[in-house]
Chemist: 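Have a look at this one before I ask anything.
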Amino acid sequence: MSSSACSTNKDMVTRLTVVMLWLLLGVFVLYPLCRLFAMTFWVDGNFTFENLRPFLDNWYDRRSAVNSILLGCSVGLAGTALGFIFAFVTTRLNLPTWLKFALSAITILPLISPPFTSSIALTLLLGPNGMVLQFFGLDNFNFYGFWGTFISETLTFFPVAFMTISTILARIDPNLEDAANSLGASSSEVFRTVTLPLAAPGIANAFLLVFSCSLADFATPQVLGGHSFPVLPTQAYLQITGMYDFKGGAALSFMLLIPALVVYALQHYWVSKKSFVTVSGKAGGKSSIKGPGLALTTIMGSVVAIVIAFIIAIYAVILVGSLVKVWGVNNTITFDNYHYVLTHGMKAIKDTLIIACIGTPLGGLLAVLVGYVTTRLKIRGHKTLETVSLLNYTLPGTVVGIAYIIAFNDKPIVLTGTIYILIAAYLFRYSSAGIRNVIAALTQIDPSIEEASRSLGAGSARTFISITIPLVLPAILAGMKYLFIHSMTAISATIFLVSVNWTLITTRILECMTELQFAQACAFSVILILLVFAASGAMTLLAKVLCRNGDNIGAH
């Protein structure tokens, strides 16, 4: 070990940083999970499975578990198929650059919108007094249940598969497909025997990600599932908020945790095999991508066009729905809904912005500290520290929310009803993207740059502030943007944590939906989308300015 490394390990600032990180992760990640497991399996000082028995004996709860798995598999398959088609069209077909950009932007739109957006739009189109049902005269059509939830979740989560698979497809060397063509294979045969096998691990990983998103989704089943299609997240929510049964909610959360952990293990397995889809070798001339053949290209293009039109229609319905008095009954144009939002809903808007604005810089700080400690310092247990820091994100939001309400509802730490529990829930769940980004950025930076600073007499803190942070600033800002967006739009982890003192826009949208105030729900959604877009644009502009300055700092 070099003398600079020894001095770093002995630096008091470093030790305090490591202790602080473990303390924070212990309190806001490990402690809630321990309380959740204790409430599930610990009764009168003894370990027991008695709290799980009511769940296993109740046919409705068993049906909820089956429905959750069925819905997750269905959405996973459909979302992955759509994601692959969109990724193939944008990365492997010879389309104009502006068209590829437009397709990608529209595809990502559902991810940065409130989780209720597609649910509200589909309800206005296919629910009671729906535009489509009125047009075709279908009065007895029941949209609620499996099919409504399935369609809405597929539209919401297929962009996750799109982003995952597009990265894989972009890395496939076209020369391999060109070689197969030169050996006499048709375009469809090349697609089937070369492109698909190379993308298979990425496709499997995308399926697991979409399945996990569906399994953890609370908002869509709550609005569209109804009593005919119960799922575990909504049952756990009703168990706690409706029956005030924390033990029952904890037991249901544990049953939701089992498939989530299985999915995480499988996902980790596929990610570890990602090298099979990364083609490397000696540099050579790049051949053009031929495509999968006229028939498949036509089918894929048609699917993309239909889905894009559907997404645009959804947001158009949300906008129009926010400007009418009563959808399907009185379609008179009015701004009363926005007046309602900006008066009765102003507290939720202010609270949401305050929580997001406080949590976002704290998330950036947490990301860079965890990334630096686990990547640069290589302290004992650094892999464990990294795993714990990402643990809350791998768990379903419902599980995290229930664990927080159980852990912080009584002594020794009481946070319920305060802003701190909401900030903590977002901070330790959605800072994972920033942590991953910082770790990836640091692995690409030569440690000798920081060692040179320390050898010239700078301490760990000064080196960290003046050298490390400017070098990883783009990764930090990208993680902060991710955290801000989810702090504005997420609901599954925080639906249990809102109170009279602090509420969120997403919870107000849910209240409007359950009270059949669709016009007000649309207005809330439009306001939230505009706020997210404005903040994202401002953060993107700020990132360009700061990163340019950061590059200058790093250069000197």
Side-chain angles (χ1 to χ4, degrees), residues 25 27-40 64 68 114-116 212-223 230-261 348 351-352 355-356 359 363 390-410 413-432 483 486-511 514:
L25 294 175
V27 171
F28 293 107
V29 177
L30 297 179
Y31 174 65
L33 290 179
C34 291
R35 288 292 301 270
L36 176 67
F37 283 114
M39 183 163 285
T40 305
S64 300
S68 294
F116 301 102
S212 180
C213 290
S214 173
L215 186 69
D217 185 26
F218 162 83
T220 306
Q222 177 71 7
V223 174
V231 292
L232 284 177
T234 56
Q235 284 302 104
Y237 170 74
L238 295 174
Q239 198 77 21
I240 289 181
T241 60
M243 302 180 181
Y244 300 99
D245 181 7
F246 284 89
K247 290 186 178 181
L252 288 171
S253 296
F254 175 77
M255 301 309 298
L256 182 63
L257 193 60
I258 294 175
L261 292 177
D351 289 351
T352 304
I355 292 168
L390 300 174
L391 184 59
N392 269 5
Y393 183 72
T394 64
L395 302 177
T398 306
V399 174
V400 175
I402 291 176
Y404 267 52
I405 198 66
I406 290 173
F408 302 122
N409 196 45
D410 54 16
I413 305 175
V414 180
L415 296 177
T416 52
T418 69
I419 189 176
Y420 306 110
I421 193 170
L422 291 165
I423 293 175
Y426 285 134
L427 178 61
F428 291 95
R429 177 165 168 78
Y430 295 116
S431 60
S432 58
L483 174 60
H486 282 275
S487 296
M488 294 290 291
T489 61
I491 188 174
S492 59
T494 51
I495 186 64
F496 304 92
L497 310 178
V498 294
S499 64
V500 177
N501 298 324
W502 295 94
T503 187
L504 303 170
I505 300 177
T506 48
T507 57
R508 290 304 309 270
I509 296 175
L510 177 60
E511 291 172 6
T514 54

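Quick caveat: nothing in here was measured; it's all calculated off a predicted structure.
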Chemist: Rounded to the nearest 0.5 Å, how far does OG1 of T494 lie from CD1 of I421?
Modeler: 10.5 Å
Chemist: Search all heavy atoms of P114 against all heavy atoms of I509 and return the closest pair with its distance.
Modeler: CB-CD1, 4.3 Å
Chemist: For S432, which residues count as a side chain to side chain contact (heavy atoms under 4.5 Å, CB included) partner, sequence neighbours excluded?
Modeler: L390, Y393
Chemist: Applying side chain to side chain contact (heavy atoms under 4.5 Å, CB included), run through Y237 and T398 and close with a yes or a no.
Modeler: CA-CA 8 Å; Y237 170 74; T398 306; 5.5 Å; no
Chemist: By salt bridge (charged side-chain N to carboxylate O under 4.0 Å, His left out), which residues pair with R508, not counting sequence neighbours?
Modeler: E511
Chemist: Using a 4.5 Å cut-off on heavy atoms from C-beta on, say whether the side chain of P396 contacts that of S253.
Modeler: no
Chemist: Specify whether H486 and Y430 have parallel, tilted or perpendicular ring planes, treating 30° as the upper limit for parallel and 60° as the lower limit for perpendicular.
Modeler: parallel
Chemist: What verdict does the side chain to side chain contact (heavy atoms under 4.5 Å, CB included) test give for F496 and F218, after you've listed the backbone C-alpha separation in whole Å, the side-chain angles of each residue and the deciding distance to 0.1 Å?
Modeler: CA-CA 11 Å; F496 304 92; F218 162 83; 5.7 Å; no
Chemist: Any side-chain heavy atom of L391 within less than 4.5 Å of one from L33?
Modeler: yes
Chemist: Measure the spacing between CG of N392 and CG of L30 and express it to the nearest 0.5 Å.
Modeler: 9.0 Å
Chemist: Does the side chain of Y420 come within less than 4.5 Å of I413's, by heavy atoms?
Modeler: no
Chemist: Between OG of S68 and CE of M255, what distance do you get to the nearest 0.5 Å?
Modeler: 10.5 Å
Chemist: Work out which heavy atom in L36 is nearest to a heavy atom in I406; give both atom names and the distance.
Modeler: CD1-CD1, 3.9 Å
Chemist: Could you tell me which non-hydrogen atom of P32 sits nearest to which non-hydrogen atom of A407, and how far apart they are?
Modeler: CA-CB, 3.6 Å
Chemist: Of the non-hydrogen atoms in A493 and L497, which two are nearest, and what is the gap between them?
Modeler: O-CD1, 3.6 Å
Chemist: Run the side chain to side chain donor-acceptor pair (under 3.5 Å) test against S492 and tell me which residues pass, sequence neighbours left out.
Modeler: none
Chemist: Could you give all pairs that pass the side chain to side chain donor-acceptor pair (under 3.5 Å) test and reach residues 28-38, with sequence neighbours left out?
Modeler: Y31-R35, R35-D410
Chemist: Rounded to the nearest 0.5 Å, what's the gap from CD1 on I491 to CD1 on I495? Could you check?
Modeler: 4.0 Å
Chemist: To the closest 0.5 Å, what do you measure between OG1 (T418) and CG (N501)?
Modeler: 9.0 Å
Chemist: If you look at every heavy atom in P221 and V231, which pair is closest and at what distance?
Modeler: CB-CG2, 3.4 Å
Chemist: How far does CG of L238 sit from OG1 of T234, to the nearest 0.5 angstrom?
Modeler: 6.0 Å
Chemist: Using a 3.5 Å distance criterion without hydrogens, assess whether the side chain of T506 forms a donor-acceptor pair with backbone atoms of A490.
Modeler: yes
Chemist: Is there a side-chain contact between S499 and T416 (heavy atoms, below 4.5 Å)?
Modeler: no
Chemist: List in chain and number order the residues that pass side chain to side chain contact (heavy atoms under 4.5 Å, CB included) with S431, two or more places apart in sequence or in another chain; answer none if no residue qualifies.
Modeler: L366, I435
Chemist: Using modelled atom types and a 3.5 Å cut-off, is there a donor and acceptor pairing between side-chain atoms of D351 and backbone atoms of T503?
Modeler: yes
Chemist: Over all heavy atoms of both residues, which pair between L483 and G359 is shortest? Give the atoms and the distance, please.
Modeler: CD2-O, 3.2 Å
Chemist: According to side chain to side chain contact (heavy atoms under 4.5 Å, CB included), who are the partners of T352, at least two apart in sequence or on a separate chain?
Modeler: M488, L504, I505
Chemist: Run I402 and L252 through side chain to side chain contact (heavy atoms under 4.5 Å, CB included) and show every step you take.
Modeler: CA-CA 10 Å; I402 291 176; L252 288 171; over 6 Å; no
